[in-house]
Amino acid sequence: MRKPFAALATLAASSLVLAACAMPADDPNFNAGGSVDGTSEGGISANDAQSVVDQALVAPTSIGIDTPLAATPAPGAVIVGLSDGTEESKALDASMAAAAAALGWTYEIIEGAGTPDGAIAAFDEALAKKPAGIHIDGAYVDYLVDGLAKATTDGVPVVCTGCIVDPLDALKDTSIAGKAEVDGWGTAVASYIEVNSEQDAVLQLFAYGTGAAAQFNQGLQAALLQYCEPCSTTENLIDLADPTIIPADVLSLAMQLDPLVNWASFAPGALSATLGDALSAAGIATETVKVVGWAPTAANIQATIAGTEAAWMGFPTPVVGWRVMDQFARIIGGEEIVVGPLPAQLLTAETAGTAALDADGNFIGVSDYEAQFKALWGVK
């Protein structure tokens with residue numbers, strides 16, 4: 001059953017009007033000095049925005065880490081991952097399975113993590129397998145307090161991607177697509193909006209309500225807040241755990257409620273699939289709304305190449321999966337984990353056509369990522 005129209009209106013109307021002095025200039029999660037890792041401090045200007053954009057446009061060449069393992073991992077380890085059933089989760093699972101195979105390991109998937117109860121049950125099932133490690137996503141880490149406590153007792157290490165919490169006890173690593181990095185990606189997209197608008201951005205944001213997607217929104221809004229006094233945003237959060245919330249309905253209603261919208265942001269890009277229908281229903285010309293966001297689909301990338309969508313922060317899902325296995329190799333081997341930036345890139349009409357993509361047109365960051373990891377691991 002779909003959410004009643006009134007309930008959707010309440011969801012879509014979570015609005016923030018931006019004021020220039022509402023955020024401190026030295027917010028440690030905001031960068032104004034040209035880095036997109038969210039770690040710099042300083043004042044903010046249009047020149048700063050252009051500097052951030054310029055750096056984000058550069059094509060990466062590295063997987064972000066370069067420390068070899070002290071020894072090639074012993075084969076036979078079993079890593080278990082929880083899946084919430086989304087296309088994003090399936091793609092990440094596929095990359096982790098490939099990485100595990102390269103190490104001579106096995107990767108097993110447990111479905112059902114798309115709801116609080118499902119995530120709890122899936123984690124318990126994973127623990128019962130007594131694996132060498134468990135991968136989880138930041139979208140549902142908050143549900144797993146009891147399970148993580150048991151993992152600590154059982155000595156099972158956990159790696160979380162897209163987490164905005166610090167590592168603790170069994171939760172050994174939350175650095176991959178972690179809070180500071182995702183904030184930086186939001187900053188880069190906000191900087192692009194600043195550079196390509198006339199202090200007139202009316203932005204509708206659509207995102208999953210937890211984990212990296214929600215944090216990307218925070219980074220984008222915090223940066224735009226400092227760049228642009230008259231700009232405004234309306235945030236529309238999609239709760240994957242609530243099956244009555246239909247993303248297409250939220251999108252359509254938001255556009256009807258905001259006929260002045262001229263920018264739309266999506267995290268991840270899959271949420272943009274019905275944008276054309278939503279704009280048509282609202283009587284808004286498609287060409288008047290510039291589309292940006294994080295984690296684009298192959299369709300988003302092709303639209304960017306064609307010039308019908310504006311800019312996307314590419315998210316290298318395969319590299320993320322291999323980085324997870326790299327962390328487990330270090331944890332299991334008793335080595336220090338290694339933290340480094342993911343090979344993300346701001347994709348525009350100028351850069352999307354030359355970016356590293358797989359055969360299906362999905363962003364992968366760097367084309368030789370498998371060879372780079374295998375060199376660090378000492379495997380062929």
Side-chain angles (χ1 to χ4, degrees), residues 23 25-66 175-197 201 203 212 215-228 231 263 265 267-269 290-296 300-301 304-305 309-317 319-320 323 338-357 363-369 372:
M23 290 288 290
D26 60 351
D27 179 351
N29 294 317
F30 176 73
N31 152 54
S35 167
V36 292
D37 64 1
T39 59
S40 300
E41 297 181 357
I44 303 170
S45 69
N47 288 337
D48 292 321
Q50 185 65 64
S51 178
V52 172
V53 170
D54 289 345
Q55 182 173 349
L57 291 171
V58 175
T61 59
S62 167
I63 55 175
I65 58 173
D66 58 9
S175 67
I176 304 172
K179 183 179 185 297
E181 186 168 35
V182 177
D183 269 345
W185 297 337
T187 295
V189 173
S191 300
Y192 178 89
I193 294 172
E194 165 66 12
V195 169
N196 291 277
S197 64
L203 174 65
Q215 191 62 46
F216 171 82
N217 269 12
Q218 293 298 312
L220 194 164
Q221 291 185 94
L224 193 58
L225 179 66
Q226 297 190 56
Y227 284 133
C228 178
C231 295
W263 290 84
S265 173
K290 296 179 181 179
V291 180
V292 297
W294 166 74
N300 293 135
I301 294 172
T304 303
I305 293 172
E309 295 183 5
W312 290 89
M313 181 54 67
F315 183 65
T317 297
V319 176
V320 172
R323 284 282 296 276
V338 176
V339 175
L342 290 169
Q345 183 183 11
L346 187 63
L347 306 178
T348 66
E350 291 72 33
T351 61
T354 57
L357 308 177
F363 181 75
I364 58 175
V366 289
S367 297
D368 65 341
Y369 67 90
Q372 291 192 39

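- Under the 4.5 Å side-chain criterion, counting only non-hydrogen atoms from C-beta, Leu347 is in contact with Pro296.
- Judged as a side chain to side chain donor-acceptor pair (under 3.5 Å), and not counting sequence neighbours, Thr317 has no contacts.
- Between Trp263 and Val292 there is a side-chain heavy-atom pair separated by less than 4.5 Å.
- Partners of Asn196 by side chain to side chain donor-acceptor pair (under 3.5 Å), not counting sequence neighbours: none found.
- In plain terms, the two heavy atoms of Tyr227 and Ser191 that are nearest each other are OH-OG, 2.8 Å.
- Side-chain contact between Val366 and Gln372 is present, with heavy atoms from C-beta onward closer than 4.5 Å.
- For the pair Ser265 and Leu203, the minimum side-chain heavy-atom distance is below 4.5 Å.
- Here the closest heavy-atom approach between residue Val339 and residue Arg323 is recorded as C-NH2, 4.3 Å.
- Residues Thr348 and Tyr192 form a side-chain contact, since some pair of their non-hydrogen atoms from C-beta on lies under 4.5 Å apart.
- Atoms CE and CD, from Met313 and Gln345 in turn, are 8.5 Å apart once rounded to the nearest 0.5 Å.
- Leu346 is listed as a side-chain neighbour of Val53, based on a closest heavy-atom distance under 4.5 Å.
- Considering only residues two or more places apart in sequence or on other chains, Val338 meets the side-chain contact (heavy atoms from CB on, under 4.5 Å) condition with Ile65, Thr67, Arg330.
- Atoms CG and CG, from Leu225 and Leu220 in turn, are 11.0 Å apart once rounded to the nearest 0.5 Å.
- Using cut-offs of 30° and 60° for the angle between ring planes, the Trp185 and Trp294 rings count as parallel.
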